[in-house]
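Remember, predicted model here, so these are calculated numbers, not experimental data.
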Amino acid sequence: MDIQVYDAIKKGLKDHFASLNLTKSYNPAVVGFEPSNPTYPMVKIDESRNIPYEGFRGRLERVANLGYKVDVYAKQQVGVSKQDVARKIAKHCEDYLQCIGLRLVSWNYIENDGQNGDLYHIIMMYNASYLENRQTILI
């Protein structure tokens, strides 16, 4: 089980959004845990599974089954709906994560999330096989 791959994926997602030069409405804070004072829009990425399979590709190759949960939160912006903001951010997340080899398994949303019902919340689940010896995701 390689515990550093999560940090690399989170950093890569942050760098991906930084390289897009998005307007403030579509530029999310990328976090690994929900901060005490969150700013929106926000992308939260959690590692939900990192299980090694020792004999999967022979004795010399260790493979781990990785799982990630990506939460996209957005509020209403001036002239832009919260659904539009969240869906565009989710698309940028999907573009990056699929590019590095993660596969989208599930996509769901919660229309009126948050304490006041003012958030649009998209939940995406990804998985991948990770070659531990090569430190790369199997594409």
Side-chain angles (χ1 to χ4, degrees):
M1 177 167 80
D2 186 340
I3 62 171
Q4 296 180 10
V5 68
Y6 165 72
D7 293 331
I9 290 173
K10 185 173 71 172
K11 182 183 180 322
L13 192 57
K14 281 183 182 182
D15 293 345
H16 175 69
F17 276 105
S19 72
L20 293 175
N21 296 322
L22 299 170
T23 62
K24 185 177 180 182
S25 299
Y26 295 100
N27 194 8
V30 179
V31 298
F33 58 91
E34 192 162 348
S36 57
N37 293 321
T39 59
Y40 299 103
M42 179 175 66
V43 172
K44 185 175 80 155
I45 182 166
D46 292 318
E47 185 174 61
S48 60
R49 185 177 57 255
N50 189 338
I51 305 167
Y53 292 106
E54 292 188 18
F56 186 69
R57 293 175 58 103
R59 297 184 74 196
L60 300 178
E61 187 73 73
R62 287 179 50 102
V63 177
N65 182 351
L66 302 178
Y68 294 94
K69 178 182 175 195
V70 177
D71 295 286
V72 177
Y73 299 93
K75 283 188 171 183
Q76 184 80 24
Q77 303 287 333
V78 176
V80 184
S81 71
K82 59 187 176 184
Q83 294 90 339
D84 187 44
V85 173
R87 287 174 180 264
K88 286 187 180 183
I89 291 170
K91 177 65 174 134
H92 289 303
C93 290
E94 184 178 341
D95 290 344
Y96 173 74
L97 295 172
Q98 287 189 348
C99 179
I100 64 168
L102 274 66
R103 291 177 302 282
L104 181 63
V105 181
S106 172
W107 191 97
N108 203 351
Y109 72 94
I110 301 170
E111 179 89 34
N112 295 311
D113 200 7
Q115 291 179 336
N116 302 326
D118 59 345
L119 292 177
Y120 192 83
H121 179 190
I122 294 176
I123 305 161
M124 299 179 293
M125 299 296 290
Y126 288 87
N127 72 16
S129 296
Y130 179 73
L131 303 173
E132 291 187 6
N133 295 5
R134 300 181 209 175
Q135 295 184 336
T136 185
I137 293 173
L138 181 63
I139 296 177

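- Going from atom CG of Asn27 over to atom CD1 of Ile89 covers 8.0 Å, rounded to the nearest 0.5 Å.
- Counting heavy atoms from C-beta outward, Lys82 and Gln76 have side chains that approach closer than 4.5 Å.
- The minimum heavy-atom distance between Ser48 and Met125, with the atom names listed, is OG-CE, 4.0 Å.
- Interatomic distance, Gln4 CD to Lys11 NZ, rounded to the nearest 0.5 Å: 13.5 Å.
- Side-chain atoms of Gln77 never come within 3.5 Å of backbone atoms of Ser81 as a donor-acceptor pair (strictly under, hydrogens ignored).
- Between Asp46 and Lys69, no side-chain nitrogen of the basic residue sits less than 4.0 Å from a carboxylate oxygen of the acidic one, so the salt-bridge criterion is not met.
- Side-chain heavy atoms closer than 4.5 Å link hydrophobic residues (I, L, V, M, F, W, Y) into clusters, and following such links, even through other members, never connects Leu131 to Leu97.
- Just one of Val43, Ile45, Val72 meets the side chain to side chain contact (heavy atoms under 4.5 Å, CB included) condition when paired with Met124; it is Val72.
- A continuous path of Ile, Leu, Val, Met, Phe, Trp and Tyr side chains, each step under 4.5 Å between heavy atoms, connects Trp107 with Val70, placing both in one hydrophobic cluster.
- Between the CZ atom of Arg87 and the CD1 atom of Ile122 there is a distance of 6.0 Å, given to the nearest 0.5 Å.
- When all heavy atoms are compared, the tightest approach of Ala64 to Glu132 is CB-OE2, 3.3 Å.
- Residues His92 and Leu20 come closest through the heavy atom pair ND1-CD1, 3.5 Å.
- The heavy-atom pair separating Leu22 from Phe17 by the smallest distance is CD1-CD2, 3.8 Å.
- Taking all atoms of both residues into account, the shortest heavy-atom contact from Ala128 to Gly101 is CB-O, 3.9 Å.
- Residue-environment remark: OH (Tyr109) stays at or below the threshold of 12 foreign heavy atoms within 6.0 Å.
- For Leu138 against Arg103, the heavy-atom pair with the smallest separation is O-NH1, 4.2 Å.
- The 12-atom threshold is exceeded at CD of Glu111, counting heavy atoms of other residues, nucleotides or ligands nearer than 6.0 Å.
- Met42 contributes atom CE, which lies 8.0 Å from atom NE2 of His121 (distance to the nearest 0.5 angstrom).
- Note on Ile137 and Tyr6: same hydrophobic cluster, where clusters join Ile, Leu, Val, Met, Phe, Trp and Tyr whose side-chain heavy atoms are under 4.5 Å apart, directly or indirectly.
- Atom CG in Leu66 sits 14.5 Å away from atom OH in Tyr126 (nearest 0.5 Å).
- Residues Tyr68 and Val5 have side chains in contact (heavy-atom distance under 4.5 Å, counting atoms from C-beta outward).
- In the hydrophobic clustering of ILVMFWY residues, with side-chain heavy atoms under 4.5 Å counting as a link, Tyr40 and Ile123 come out apart.
- Note that CG of Asn65 and OH of Tyr130 are 13.5 Å apart. Values are rounded to the nearest 0.5 Å.
- By the rule that hydrophobic residues join a cluster once side-chain heavy atoms approach within less than 4.5 Å of another member, Ile9 and Leu104 end up as members of one cluster.
- Proximity of Ile110 to Tyr73: side-chain heavy atoms (C-beta onward) are nowhere separated by under 4.5 Å.
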